[in-house]
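Hydrogens, waters and symmetry mates are skipped; everything else that's a heavy atom, side chains included, is used. Ligands are counted one by one from 1 in listed order, and the atoms in each one are counted from 1 as well.
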Amino acid sequence: MKKSIKSLLAVALLGLMGGAQAQDAYPSKVITMLIPFAAGGPTDTVGRLVAQSMSKDLGQQVIVENLGGAGGTLAAGKAAKSPADGYTIFLHHIGHSTAPSLYRKLSYKPVEDFEPIGLVTDVPMTIVARGDFPAKTVAEMIAYVKANKEKVTYANAGLGSASHLCGMLFQSALGADLTTVPYKGTGPAMNDLLGGQVDLMCDQTTNTTSQIKGGKIKAYAVTTTERVKSLPDLPTLAASGLKDFHVGVWHGLYAPKGTPKPVIDRLTKSLQLALKDPTVVARFAELGTEPVTQAQATPDALGKHLKAEIAKWQPIIAKAGQFAD
Ligand code: ASP
């Protein structure tokens, strides 16, 4: 009896050591962080900052791969089918929760096909226009858009992106059906806004702050319920006549379903460290991009948030809706 307890203990100990060794060995090669939008945009900016910081902690490079298109759903499909070995991770935003309401068919399931690692940020959006757009204030902009529905163009990152969601709610609130110009991300869309090829966009402060501060584009309002610290002069859309208007963008980090728990735990720890990294914190603050709390940067918090957001947006999108097959 004594002997069998001893041998059981020995087996358990070996098991623990094996688990610990497997965990210690991870990561042993480069990790790819898939980003569902083009380089130079807000999701890319968040991803690169976090990836750089995680690389330091993990002792392996976390490289960014941009795969824009179809509002983020192309990359989500690719991430869902990637090997569940911890060497592919996927950063997405609120679009991961709106896609199932916008697309009748998706090649993946946003909840079932992923292991959540943790929430990453909360980011306000801003309504901006090309530098010579003929409206100074938010009231003038709204009046101009209503009076010139046929000719105003609106840039977004495709059906399912945050810029699409914000634009859809904005147009629905104004009763205006604008000509939409889709890009693979709001990085390239911003280039066209700067060049004056497109009129309006609603995008994260991560992408708009320096252009607003540099006077290169016009900014009218933020989409959050409160004003934003880094852009204190901008009113909220809700206070500018579009009652109840609120879209905040959140990012989450995922791995393909079946990625082993010790690997997810290691990635969560690394994400949490990145969100406390002074370089990341300082750059996020300049860009009006809030890192989430340590308690939110967890699989449990992201899993719950994703489900709650899917449920929240479904009826709103059904009402305002634009759909794709
Ligand atoms: N986050 C942007 C959007 O949803 C796209 C991007 O990151 O480029 O519109």
Side-chain angles (χ1 to χ4, degrees), residues 33-51 64-76 78-79 89-103 110 119-129 153-171 178 180-194 198-212 217 219 222-224 228 246-254 283-284 287-290 306 309 313 316-317 320 322 324:
M33 181 189 280
L34 199 57
I35 305 265
F37 298 104
T43 311
D44 180 67
T45 301
V46 166
R48 281 175 200 270
L49 281 165
V50 169
V64 161
E65 181 187 327
N66 299 89
L67 178 62
T73 58
L74 276 187
K78 178 170 176 180
I89 54 178
F90 176 51
L91 179 75
H92 201 353
H93 63 25
I94 187 171
H96 203 47
S97 70
T98 56
S101 302
L102 287 163
Y103 285 81
L119 280 159
V120 182
T121 61
D122 274 318
V123 199
M125 297 188 93
T126 43
I127 300 265
V128 293
T153 53
Y154 177 85
N156 71 20
L159 195 89
S161 62
S163 45
H164 163 263
L165 179 69
C166 178
M168 182 178 76
L169 299 175
F170 181 68
Q171 291 173 63
L178 307 179
T180 293
V181 187
Y183 295 81
K184 286 193 172 169
T186 47
M190 177 60 83
N191 290 338
D192 274 9
L193 198 73
L194 288 165
V198 65
D199 294 324
L200 281 181
M201 176 159 78
C202 175
D203 197 22
Q204 284 120 274
T205 53
T206 325
N207 201 31
T208 58
T209 303
S210 42
Q211 309 298 358
I212 295 171
I217 54 174
V222 292
T223 63
T224 35
V228 171
H246 177 222
V247 207
V249 175
W250 52 273
H251 283 98
L253 191 61
Y254 308 82
R283 190 68 188 130
F284 272 9
L287 300 173
T289 303
E290 285 274 326
L306 175 63
E309 287 278 293
W313 287 108
I316 301 174
I317 290 170
Q322 293 168 10

Handout entry: Stepwise side chain to side chain donor-acceptor pair (under 3.5 Å) test for Thr45 and Thr206
Key = CA-CA 7 Å; Thr45 301; Thr206 325; over 6 Å; no
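The backbone N or O of Leu306 lies less than 3.5 Å from no partner atom in the side chain of Ser97, so there is not a single donor-acceptor pair. Not one N or O on the side chain of Tyr103 forms a donor-acceptor pair closer than 3.5 Å with the backbone of Thr73.
Ring-plane geometry between His93 and His251 is classed as tilted, the angle between the planes lying from 30 to 60 degrees on a 0 to 90 degree scale.
On a distance-only criterion, His93 and ligand 1 share at least one N/O pair closer than 3.5 Å.
Proximity of Leu49 to Phe284: side-chain heavy atoms (C-beta onward) are separated by under 4.5 Å at one or more points.
Judged by the shortest distance from any of its heavy atoms, Pro42 lies inside the 4.0 Å radius around the atoms of ligand 1. Close to ligand 1: Thr186, with a non-hydrogen atom less than 4.0 angstrom away.
Among all protein heavy atoms, the one lying closest to atom 9 (O) of ligand 1 is Ser163 OG, 2.4 Å.
The nearest pair of heavy atoms linking Cys166 to Tyr154 is C-OH, 4.2 Å.
Ligand-side atoms of ligand 1 in range of Gly185: 8 (O), range being under 4.0 angstrom from any heavy atom. Within ligand 1, counting atoms from 1 as listed, the ones closer than 4.0 Å to a heavy atom of Ser161 are 3 (C), 4 (O), 9 (O). Ligand-side atoms of ligand 1 in range of Thr43: 1 (N), 6 (C), 7 (O), range being under 4.0 angstrom from any heavy atom. Those atoms of ligand 1 with a heavy atom of Ala162 less than 4.0 angstrom away are 3 (C), 4 (O), 9 (O).
Only the side chain of Gln204 comes within contact range of ligand 1, with a heavy atom under 4.0 Å; no backbone atom does.
Of the residues listed (Glu290, His92, Glu309, His96), the one engaging Trp250 in a side-chain hydrogen bond (donor to acceptor under 3.5 Å, both in side chains) is Glu309, and it is the only one.
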